[in-house]
Each structure stands twice: as C-alpha cells, then as structure tokens.
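Numbering of ligands and ligand atoms starts at 1, following listing order. These numbers were taken from a predicted model, which means no experiment stands behind them.
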Amino acid sequence: MIYWDHAASTPPYDEVIQTMGEVMKQHYGNPSSIHRMGEDAAKLIRRSREVCAQALSVKPDEIIFTSGATEGNNMAIKGAALQYNSRGRHIITTQIEHPSVYDSCLELEKQGYEVTFLPVDQQGCVNLDELAAAVRKDTILVSIMHVNNETGSVQPLLEVGKLVKERNPRTLIHIDGVQGYGKLPVYLNDWQADLYTLSAHKIRGPKGTGILYKRAGIELYPLLSGGKQEAGLRAGTENIAGYVAMSKAMRMAGEHQQVFATEISSLRDKLIYSITKMPGLELNSYCNGAPHIVNVSFPGMKAEVLLHTLEEYGMLVSTKSACSSKTSEPSRVLLAMGRSHDVASSAIRISMGDLNTNDDIQQLLETLKVAVGRLEPLSRKE
Ligand code: PLP
C-alpha cells in the first residue's frame with residue numbers, strides 16, 4: 001500500500017507517538033489545579049507554547065492552542081467578526097477556501113455581515129487588483145489561505161498583506177496556514193498576518209490539536225464560555241499530551257522544511273512531467289504551487305471510481321479535500337478555477353509526504369496507466 005493522501009492527514013512521527021503516551025501516563029493532573037501535579041502539567045503547556053512560538057518566530061503569549069484548524073479558523077473569523085463589528089461588517093475571503101473558512105463566512109452572511117468571495121484565476125490565485133478594489137473602510141477582516149488544500153496553489157501573501165494594510169491599516173489579515181507550514185517558508189511578520197491557523201495532524205503531529213496565532217493587541221470574541229484556559233479564548237481542560245506532541249511535530253516539520261521542499265518538489269515535478277504525457281488528462285496543479293500536492297482530472301471518469309480502482313492496486317489517493325470528499329458535488333475549488341463540471345468531477349488529488357520515494361512515483365505512474373486503461377472503455381460508454 002502506498003499512501004498519497006498527506007494533505008488529508010500524515011503519519012505521526014515516532015517521537016510524537018511516544019510523547020503522547022508518556023505525557024498521558026505521567027502528567028494526567030489538570031493544569032488548572034494548584035497542586036504539584038497541576039503545576040507540572042501547566043509547566044509542560046508553557047514549554048510547548050514556547051516551542052511553537054519559536055517555530056513561528058512569535059511570542060509565546062501570541063499562541064492559542066486549539067483542537068485543530070477547523071476550530072482555529074472559526075475562532076479567528078467569527079471571533080474577529082463579533083469583536084470588531086462596531087468598525088464594520090464587511091469580510092473578504094476567496095472562493096477556494098477550506099470549508100472551515102468558507103462556511104464560517106457563509107454563516108456570518110446569514111447573521112447580517114457582508115462577505116466578498118474573491119474569484120481566482122486558472123491557476124487558483126487571487127487577482128491583486130480585485131482584492132485592492134474590494135478592501136473598504138468597513139472591511140474588518142481578510143481571510144486567505146497560504147496553500148490550497150486541493151490543488152496546492154500558493155497565494156501571493158506578501159503582496160496581499162501590503163495591499164490590504166495600505167488600503168485599510170485596521171483590516172485584520174487571517175491566514176489559513178494548514179497546508180503551507182513545513183512545506184514552504186512562513187513569514188508572519190512580512191505577510192503582516194494578524195491571525196494564522198495551523199493543524200498538527202498535517203505535519204506529522206497528533207490529530208485534535210492545532211494553533212491559532214493571534215498578534216499581540218488583537219482581541220477576539222470567545223466562542224466558548226467556561227474556564228479561562230488559553231487566555232480566556234478557549235474554555236475547557238487542555239489536551240496536554242497533544243500540545244506537547246504538537247510542539248515536537250512543529251519543531252521537526254519546521255527544521256525539515258527546506259529539505260522537504262527540495263525533495264518533494266522533485267518528486268512532484270517528475271510526477272507532473274510523466275503524468276501529462278497521458279492522453280486526455282487535465283492538470284489542475286502547477287510547478288509554482290506547493291511541493292506536495294498534484295491534482296489531476298481524467299474527464300469522462302468518475303473520480304470516486306478511479307480512486308477505488310487505484311486502491312485495488314494499493315494506491316491511496318483522494319478526491320477533493322478530506323472534509324468534502326464524501327459529497328458527490330464537483331469540487332467548488334476547481335469550478336472557481338474555471339474548470340468544467342466534468343473536469344471538476346473527475347479530479348483526484350495525489351498528496352505526497354516525506355516518506356514517499358522516486359520508486360513510489362514510478363509505481364504510481366504505472367498503476368495509473370493500468371487503472372485508466374481499465375476504466376476508459378467504460379467511461380466512453382456512458
Ligand atoms: N484548512 C485547510 C487548508 C485544511 O487543509 C484543513 C484540513 O483538511 C483544515 C483547514 C482543517 O483542519 P483540521 O483537520 O485540523 O480541522
């Protein structure tokens with residue numbers, strides 16, 4: 001079996017698994033308790049926060065631990081909308097965001113906010129002139145992703161930050177950084193990011209943990225009521241083992257980023273070079289995209305059927321993102337990139353990790369030829 005679904009989730013590092021077990025066994029005290037075991041647990045959380053802050057070159061009290069990026073994105077977008085609604089009720093995002101951003105914005109629309117969903121070009125990038133034209137006096141937030149989870153397209157965050165802050169210095173910038181961290185360099189200061197979300201299970205950390213970076217001085221309206229954990233923003237007893245393990249994964253993924261980018265983009269380029277020789281195929285990812293994602297359509301074929309045929313041969317790929325792969329709708333992201341209904345319904349995502357090799361790519365290419373060859377006569381009949 002070869003795993004090609006790293007954009008959905010990744011195999012945890014051995015150190016992460018070991019740490020989870022050790023911390024759960026030895027540090028089960030509640031960090032809010034004021035006895036020794038509670039204090040030990042609180043100390044572990046403090047240390048994890050420092051490690052995560054260091055990985056992002058920010059201050060520890062700018063790090064909020066969450067249950068993952070879905071929570072972080074909700075917290076950032078809804079929290080900012082509720083906190084700053086006296087400044088305005090306009091939000092800008094893009095048509096290709098992850099559902100945790102996109103649907104949060106739709107929810108806010110229902111509550112009377114105005115949302116501009118910016119279109120993207122054929123390569124999945126926002127147009128800066130359109131963004132500039134959209135920023136207004138009452139724009140409280142721009143939420144934009146670093147790397148798209150379906151196609152790997154990368155947004156020009158440096159220019160986005162500059163432009164948004166020039167037009168309105170009070171507009172907050174939120175970046176969904178889930179698919180970028182550990183794959184591409186992260187420059188929170190240069191991007192002028194005010195809020196930035198991460199998820200640990202995409203970087204070989206544990207599931208159910210993540211980070212929201214919140215620049216000092218920015219307030220968010222808390223979505224949960226209860227205890228005062230995470231500076232009052234996230235009530236509930238902390239996932240200590242998860243946070244310690246996540247901090248390890250963040251450090252390791254950060255340290256490996258350059259090597260990852262070099263090695264995995266060479267696998268990606270090899271895959272793209274060979275795959276584009278297959279007839280009838282349409283490529284939805286580009287060599288200027290993130291190193292680990294290749295999205296490709298086989299018009300006329302049902303993506304799910306191709307996925308399961310590849311699975312029979314031991315290749316695990318995905319269709320769309322993990323969060324929306326169980327719906328039969330064509331990919332919203334690919335439609336926004338101007339692809340036809342057929343192209344958007346026949347796309348598979350191949351997402352690579354640091355354990356994949358040249359040999360794996362060779363096997364995948366051979367398997368794809370066999371699987372597509374098997375399905376082609378059937379798709380012609382339909
Ligand atoms: N944002 C992006 C770009 C993602 O790819 C994902 C996960 O697929 C998320 C947010 C949600 O992350 P989590 O699984 O931690 O909720």
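Between Ile140 and Tyr84 the shortest heavy-atom distance is CG2-O, 3.4 Å. Scanning all heavy atoms of the two residues, the minimum distance from Pro11 to Leu355 falls at CG-CD1, 4.0 Å.
Polar contact check, Gln179 against ligand 1: a nitrogen or oxygen pair lies under 3.5 Å apart. Ligand 1 has no nitrogen or oxygen under 3.5 angstrom from a nitrogen or oxygen of Val147. Every N/O-N/O distance between Glu71 and ligand 1 stays at or above 3.5 Å.
Looking at Asn73 against ligand 1, only its side chain comes within 4.0 Å, counting heavy atoms. In Ser100, the part holding a heavy atom less than 4.0 Å from any atom of ligand 1 is the side chain. The backbone and the side chain of Thr70 each have at least one atom closer than 4.0 Å to an atom of ligand 1 (non-hydrogen atoms only).
Ligand 1 lies within reach of Lys202, whose nearest heavy atom is under 4.0 Å from it. Not a single heavy atom of Gly210 sits closer than 4.0 Å to an atom of ligand 1.
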**Study point:** side-chain contact (heavy atoms from CB on, under 4.5 Å) evaluation trace for His201 with Met246
**Key:** CA-CA 8 Å; His201 74 104; Met246 167 167 64; over 6 Å; no

Practice item. Please test Arg215 against Asn189 for side-chain contact (heavy atoms from CB on, under 4.5 Å), starting from the C-alpha separation and ending with a verdict. Key: CA-CA 10 Å; Arg215 187 185 289 281; Asn189 256 327; 3.5 Å; yes

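A salt bridge does not link Asp61 with Lys59: none of the charged nitrogens is closer than 4.0 Å to a carboxylate oxygen.
Note on ring orientation: taking the six-membered ring where Trp is involved, the planes of Phe117 and Tyr102 are tilted (angle from 30° to 60°).
Of the options Tyr187, Tyr196, Trp191, a ring pair (Phe, Tyr, Trp, His ring centres under 6.0 Å) to His146 is made by Trp191 and by none of the others.
Remark: ligand 1 atoms within the under-4.0 Å shell around heavy atoms of His201 are 13 (P), 14 (O), 15 (O). With ligand atoms numbered from 1 in the order given, ligand 1 contributes 3 (C) to contacts under 4.0 Å with heavy atoms of Met145.
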